Amino acid sequence: MLTNKDTVPRVYYGDMYQDDGQYMEKQSIYYDAIVSLMNTRKSYVSGGQTMSVDKNGLLKSVRFGKDAMTANDLGTDETRTEGVGVLVGNDPSLTLNDSDTVTLEIGAAHKNQKYRAALLTTSDVIVTYSSDDDAPTVWTNNQGTLTFSNKEISGQEYTNVQGYANPQVSGYLAVWVPVGASDNQDARTAASTDANTDGKVLHSNAALNSNLIYEGFSNFQPKATTHDELTNVVIAKNANLFEKWGITSFEMAPQYRSSGDHTFLDSTIDNGYAFTDRYDLGFETPTKYGTDEDLRTAIKALHQSNMQVMADVVDNQVYNLSGQEVVSASRAGVYGNDVPTGFGTQLYVVK
């Protein structure tokens, strides 16, 4: 998803960090691989895309780089250091015959070019490479094609294609990028300030493809034991890190104070759902995530690091009010449509 065209992918906190520690305290086993993919997205992912499944069941995805929308486009000098090739499979028993090959058609803009690994799969883990130094390399041919087999390329570890079963991958994953990009290369495209008159909110273009959402919270985050451990305090301190990852929109947890009556899950773990007062964002005493001032500071820090801040609004979860009233209710489906209840119209006593 992090390399696909015409998508705005979302990275989840729970994929990056564990819940058995304070906010951002314990990295998950997937942390390094996801950070590597986000950095790869920021530096290389641009241009047109092809996607197909080969005879070995491997998904092949190629982005050609800026100014190259098809495999035949020659692009520009900038194209030459951008683009990405991805191989993904879900068969841990994948075994190629000696005569089998796996190819990535990188495109005419990348003929006779040296590529390096960004991620490779091993029997134990996903190995990540953050620069051209010490990364395994392979050359495209005069048609811009990378070719792999069941044999290592020039004796370089992990460059052969086969299925694996390790704690991170069940199958195969490899990501390849051009050698020679500058350390600060940014393949993203800024949004246009021109007004659109076609009535559409979103438009398929390079600027839309450059967006990345980070859902930066977990429902089961332990409660902080000190002020510095509060989620919004930690977010403010790490705004520059999120920007470095290429995050453009940061989704915050529901900032409300949960009712705390412990009658069901959300009001037990105080995650901002099942709240009584939709205006209490940590005034006087902090919520699970911090005080109202901590929230303001976090938002300011994210804005200063060029991120949009998104609110998780859960107005349908007002809960445990002090009084009672009789109401009628209808059941809504996932698309907001009315769904028959099977027992007709009834009245309910609710708080």
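Keep in mind that this is a model prediction, so the values were computed, not measured.
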Where [X] and [Y] come nearest, the two heavy atoms and their spacing:
X	Y	result
L120	A174	CD2-CB, 3.8 Å
M252	I299	SD-CG1, 4.1 Å
A298	I235	CB-CG2, 4.1 Å
K5	R63	N-NH1, 3.4 Å
L230	T287	CD2-O, 4.1 Å
N112	R80	O-NH2, 3.4 Å

Legend entry - D77, CG: over 12 other non-hydrogen atoms inside 6.0 angstrom: no
Inset, instruction - Take D54 and K60 through the test salt bridge (Lys or Arg N to Asp or Glu O under 4.0 Å) and record every step on the way to the result. - result: CA-CA 7 Å; D54 73 1; K60 308 192 303 181; 5.4 Å; no
Indicate, with yes or no, if [Y] and [X] share a hydrophobic cluster defined by side-chain heavy-atom contacts under 4.5 Å among Ile, Leu, Val, Met, Phe, Trp and Tyr.
X	Y	answer
L212	V84	yes
Y30	V125	no
F217	Y256	yes
L119	M51	yes
M24	I247	yes

Inset, instruction - May I have the step-by-step check of ring-ring contact (aromatic ring centres under 6.0 Å, His included) for W176 and Y129, ending in yes or no? - result: CA-CA 10 Å; W176 294 86; Y129 305 90; 8.5 Å; no
Whether the side chain of [X] engages the backbone of [Y] through a donor-acceptor N/O pair (distance < 3.5 Å, no angle test) should be reported.
X	Y	answer
T95	S93	yes
Y17	Q22	no
N209	D6	yes
S36	A33	no
T7	N4	yes
E243	N306	no

Inset, instruction - Start with the C-alpha gap between E82 and S46, add the side-chain angles, then the distance that decides, and say whether side-chain hydrogen bond (donor to acceptor under 3.5 Å, both in side chains) holds. - result: CA-CA 7 Å; E82 296 178 353; S46 58; 2.9 Å; yes
Legend entry - Pair K114 + D132: basic N to acidic O under 4.0 Å: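 No salt bridge links K114 with D132.
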Inset, instruction - For the pair D98 and K151, find out whether any cationic side-chain nitrogen is under 4.0 Å from an anionic carboxylate oxygen. - result: yes
Inset, instruction - Measure up the Y23 and Y13 rings against each other and bin them: parallel (under 30°), tilted (30 to 60°), perpendicular (over 60°). - result: parallel
Inset, instruction - May I have the step-by-step check of salt bridge (Lys or Arg N to Asp or Glu O under 4.0 Å) for K200 and D198, ending in yes or no? - result: CA-CA 6 Å; K200 296 180 179 179; D198 59 7; 5.0 Å; no
Legend entry - Derivation and outcome, side-chain hydrogen bond (donor to acceptor under 3.5 Å, both in side chains), residues S99 and N97: CA-CA 5 Å; S99 60; N97 296 318; 5.3 Å; no
Inset, instruction - Give, for atom CH2 of W139 and atom OH of Y115, the distance between the pair rounded to the nearest 0.5 Å. - result: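 The OH atom of Y115 is 12.0 Å from CH2 of W139, to the nearest 0.5 Å.
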Legend entry - Pair K223-E229, salt bridge (Lys or Arg N to Asp or Glu O under 4.0 Å): steps then yes or no: CA-CA 9 Å; K223 295 180 181 179; E229 290 176 348; over 6 Å; no
Legend entry - Worked verdict on N150 versus Q162 for side-chain hydrogen bond (donor to acceptor under 3.5 Å, both in side chains): CA-CA 7 Å; N150 64 358; Q162 69 175 79; over 6 Å; no
Inset, instruction - Check the pair Y31, D15 against side-chain hydrogen bond (donor to acceptor under 3.5 Å, both in side chains), reporting the backbone distance first and the verdict last. - result: CA-CA 7 Å; Y31 179 90; D15 293 329; over 6 Å; no
Inset, instruction - State, without any angle test, whether D20 and Q18 hold a side-chain donor-acceptor pair at a distance under 3.5 Å. - result: yes
Inset, instruction - Using the side chain to side chain contact (heavy atoms under 4.5 Å, CB included) rule, take M307 and S249 through it: C-alpha gap first, then chi angles, then the decisive distance, then the call. - result: CA-CA 5 Å; M307 277 169 276; S249 297; over 6 Å; no
Inset, instruction - Could you tell me if the ring centre of Y214 sits under 6.0 Å from that of W245? - result: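 Centroid distance Y214-W245: below 6.0 Å, so yes.
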